[in-house]
Amino acid sequence: MERFKVTFFKPYPFREGQKIRIESGKRQGDWEVVAVSEAKVQLRCPVSGRQFEWDRFCYFTEERQNEIWPTE
């Protein structure tokens, strides 16, 4: 049987209160997780306070300690 290099993706298991940074795309920036359901995630902008609910879309890439949050 032939073998291939395969890349695996898993949806990120968001937790309420989590502080996250999306590094690219139209939702780029710092966010706080407000609510999580099986299909949706609600995020709050820490600067404007505005909240948005979107279909779950993020995938984990890395976690860093000692990061300034939110960025200016």
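All values derive from a computational prediction rather than experimental measurement.
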Flag for Glu23-Gln28: side-chain donor and acceptor within less than 3.5 Å: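 The answer is no; no qualifying pair exists.
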Cluster link Val41 to Val34, ILVMFWY, side chain under 4.5 Å: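 No; Val34 is not reachable from Val41 via cluster members.
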Geometric class of the Trp54/Phe52 ring pair [parallel <30°, tilted 30-60°, perpendicular >60°]: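 The rings of Phe52 and Trp54 lie parallel, inter-plane angle below 30°.
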About how many Å separate [atom2] of [Y] and [atom1] of [X], when rounded to the nearest 0.5 Å?
{"X": "Glu53", "Y": "Ser37", "atom1": "CD", "atom2": "OG", "result": "6.5 Å"}
{"X": "Lys19", "Y": "Leu43", "atom1": "NZ", "atom2": "CG", "result": "12.5 Å"}
{"X": "Gln42", "Y": "Arg44", "atom1": "CD", "atom2": "CZ", "result": "11.0 Å"}

Which heavy-atom pair separates [X] from [Y] by the least distance, and what is that distance?
{"X": "Phe14", "Y": "Arg56", "value": "N-NH2, 3.6 Å"}
{"X": "Glu16", "Y": "Val36", "value": "OE2-N, 4.1 Å"}
{"X": "Asp30", "Y": "Pro70", "value": "OD2-CA, 2.9 Å"}

Salt bridge (charged side-chain N to carboxylate O under 4.0 Å, His left out) assessment of Lys40 paired with Asp55: CA-CA 4 Å; Lys40 302 279 185 178; Asp55 291 337; 2.7 Å; yes
